[in-house]
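Quick note on labels: first sequence line is chain A, next is B, and so on, each numbered from 1. Below, each value reflects all heavy atoms present in this structure, side chains not excepted, and no hydrogens, waters or symmetry copies.
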Amino acid sequence: MSRVVGFIDLDAYYCACEVKQKPSLLAGKPLAVCMYETWKKSPDRSADMDRIVKSGGAGLIAVSYEARAMGVKRQMSANEARKACPELITVMVPTKNGKADLSLYKENGEKVVEILQEFAGIVEKRSVDEVALDVTDAAQKLLETTPKELVARQAVNVSHFADSEISLKASKISHEAARRGHEGQHEYTKNDDDEKNHLLKYSSFDYLLLAGAVVINNARKAVRERLGFSCSAGIAANKMIAKVGCGLHKPNQQTIVFPRSVAVLLKDLPLNRLPGLGGDLGNRISSQLNITTAGGLANISRSILLNAGFQDADNLLAAANGTLDEPVKNRANYKSFGSSKTFYKHPITNLTIADQWLSNFAQEIFDRIKNDRNQRNRAPTNVTISITTDKSHVTRTEKVHIGWSDSPQPIVRSAHRLLRRWAGTRTAHLDIVVLGLGVSNFIDLPANKASVMDLLTRNPLHQSKKPSSSAEIMQPSKKKRTIAELLYQQATTSTKKTTTVGKKDSSFFPSSNIDPEVFAQLPPEIKAELLDDRTRLLRQSAPSLGNSHLEQRQVKKKKKTATTTIDSFFAPRRPR
DNA sequence: CATTATTAAGGA
DNA sequence: TCCTTAATA
Ligand SMILES: [Mn+2]
């Protein structure tokens with residue numbers, strides 16, 4: 001069943017966030033965002049502070065279109081960039097507790113997703129500034145209420161088409177040039193070729209795509225008007241082609257790729273512009289098979305690909321032919337939170353210093369968790385540290401119980417334990433170059449902050465009327481006084497500190513005070529909640545009742561049924 | 001003097 | 001669970 005997919009990418013995103021912070025100073029200016037100078041020790045500068053750096057400055061990670069016009073490129077150092085463009089304004093990312101603080105960009109990105117959700121039934125957040133939308137339903141609805149010729153007229157007025165001369169020219173640009181903003185990338189100019197598209201005979205699916213383009217244009221307009229971010233988009237029958245189409249015309253433009261235009265679009269498209277082939281795999285394919293374009297790969301036979309060791313031949317060919325059809329996932333928010341820092345030239349040697357940084361990371365992550373769980377009633381159950389030295393990179397993971405805890409301590413303790421798991425007996429000469437901490441594997445929490453008593457007293461009748469006060473939590477209705485009361489009595493009689501009863505932490509019921517038989521009867525998520533984080537008996541996460549596992553369920557199901565599945569645009573497989 | 005910080009996913 | 005690859009700014 002064919003879908004209508006829109007792929008939206010925000011223009012010069014970090015720069016746009018900075019302009020939004022200080023429009024009077026930055027709007028319309030050649031602007032670049034750079035990393036902070038990691039090798040210097042300087043005071044933190046939060047998002048609302050002046051972060052303009054006049055000299056020095058690290059590598060550029062985002063460049064405004066005004067600056068691109070002057071020859072400033074991503075990945076240049078700030079000093080280098082000022083030579084190309086003396087008027088360039090360089091802003092460093094916000095810093096907090098001695099490290100980059102990217103929350104400004106993440107939070108704006110979440111606001112964008114919220115708006116886009118009004119326009120599409122299925123929304124997949126793909127990165128801090130990219131979103132894929134399945135707008136099939138919305139497009140169909142539009143065609144039900146509006147004459148298709150009118151829809152087509154509207155779409156043509158606001159869109160490029162992939163088979164126009166300027167689009168095909170853009171398709172031939174190198175991956176690198178396309179990413180940094182190639183020549184000829186400028187605000188929308190009406191194009192004769194695009195106009196001609198209006199005179200063509202459209203198939204019924206063409207009309208659906210055109211309707212999708214109108215929906216996407218409305219969505220982009222809403223983002224622009226309500227948040228001040230301009231964005232570009234591609235509209236096509238699948239996610240991969242929509243993304244490729246999105247890259248053709250920026251900024252503030254959108255491109256429609258009709259199915260009949262896919263072959264021309266891909267014919268001369270550099271192979272590494274296909275999503276998933278931008279790295280080693282694409283390079284190996286290029287060199288081993290002597291091809292440079294997606295069209296070139298499409299002409300290679302399956303057996304030759306297999307003989308060359310590319311086991312994923314079918315998917316490679318599907319990508320090269322633009323038929324790879326990975327559905328838009330229904331996932332509008334993050335699956336993991338992380339915090340990390342590079343200690344360039346000054347590796348961490350001492351265990352206690354590493355501990356301090358991990359605590360720092362944990363606090364940052366926990367702030368995000370609190371925010372997230374208030375909105376989505378979920379919390380992560382895995383903690384992972386990542387440690388890079390000159391010679392090695394390792395990750396270590398363990399389960400953690402966070403629930404509605406008000407403290408980052410469970411994460412801190414896990415992180416410190418994991419660090420020791422890696423360090424062994426060493427307390428010095430650790431030589432950590434990159435240290436990172438992350439949380440993942442979210443589970444749904446009960447719908448409000450009631451925690452244990454809420455879990456124990458819930459049933460279909462009770463669920464609609466949730467306890468809203470701590471008094472209610474402490475006095476479950478007579479009917480439900482089963483395990484809940486047993487536990488409650490045990491806790492309050494055997495523990496002197498009855499004042500902690502209202503706390504939403506697992507310390508409320510020290511596991512040592514719970515009758516093992518009663519404990520054994522509890523559902524796994526309650527066991528997890530009751531578990532003191534030092535008694536790490538439960539090794540697998542509790543099954544989720546809500547929908548934060550929806551996607552994982554789908555993935556599991558897919559793995560069972562299909563032999564070769566892809567989860568992203570592409571599932572690169574290494575040749576043997 | 002100097003990329004850095006995240007996120008997601010696949011394979012073993 | 002751990003490692004690797006690819007992607008974004
Ligand atoms: Mn972007």
Query raised in the report: Side-chain donor or acceptor of A:R74 under 3.5 Å from a matching atom on the base of C:dA9?
Result: yes
Query raised in the report: In whole angstroms, how far is the P atom of C:dA7 from the OH atom of A:Y14?
Result: 17 Å
**Report entry** Phosphate OP1/OP2 of B:dT4: any A:S340 side-chain N/O under 4.0 Å
**Finding:** no
Query raised in the report: Can you check whether A:W39 stacks with the B:dA2 base, using ring centres under 5.5 Å and planes within 30°?
Result: yes
Query raised in the report: Is A:K243 near enough to C:dT8 that one of its side-chain N or O atoms lies under 4.0 angstrom from OP1 or OP2?
Result: yes
Requested in this report: Measure from CG on A:L277 to P on C:dT5 and round the result to the nearest Å.
Outcome: 15 Å
Query raised in the report: Given Watson-Crick or G-U pairs with both distances under 3.5 Å, what dot-bracket string fits DNA chain B, with | for other-strand pairs and [ ] for crossing?
Result: ...|||||||||
Query raised in the report: At under 4.0 Å between heavy atoms, what does A:Y13 touch on the DNA or RNA strands: base, sugar-phosphate, or nothing?
Result: sugar-phosphate
Query raised in the report: Are OP1 or OP2 of C:dA6 and a side-chain N or O of A:R273 less than 4.0 angstrom apart?
Result: no
Query - Contact under 4.0 Å: A:S336 side-chain N or O vs B:dA8 OP1/OP2 - result: yes
Query raised in the report: Is it true that the NZ or CZ of A:K370 lies under 6.0 Å from the centre of A:F366's six-membered ring and within 45 degrees of the ring axis?
Result: no
**Report entry** B:dT3 to C:dA7 separation - C1' atoms, rounded to the nearest Å
**Finding:** 16 Å
Query raised in the report: With under 30° as parallel and over 60° as perpendicular, where do the rings of A:F229 and A:Y13 fit, or are they tilted in between?
Result: perpendicular
Report task. Taking only Lys NZ, Arg NE, NH1 and NH2, and the carboxylate oxygens of Asp or Glu, determine whether A:K243 and A:E130 approach each other closer than 4.0 Å. Result -> yes
Query raised in the report: Can you tell me how far SG of A:C246 sits from CD1 of A:I241, rounded to the nearest 0.5 angstrom?
Result: 12.5 Å
Query - Aromatic ring proximity A:F442/A:F337, centre distance under 6.0 Å - result: yes
Query raised in the report: Once you round it to whole Å, what is the distance between C1' of B:dC1 and NE2 of A:H346?
Result: 11 Å
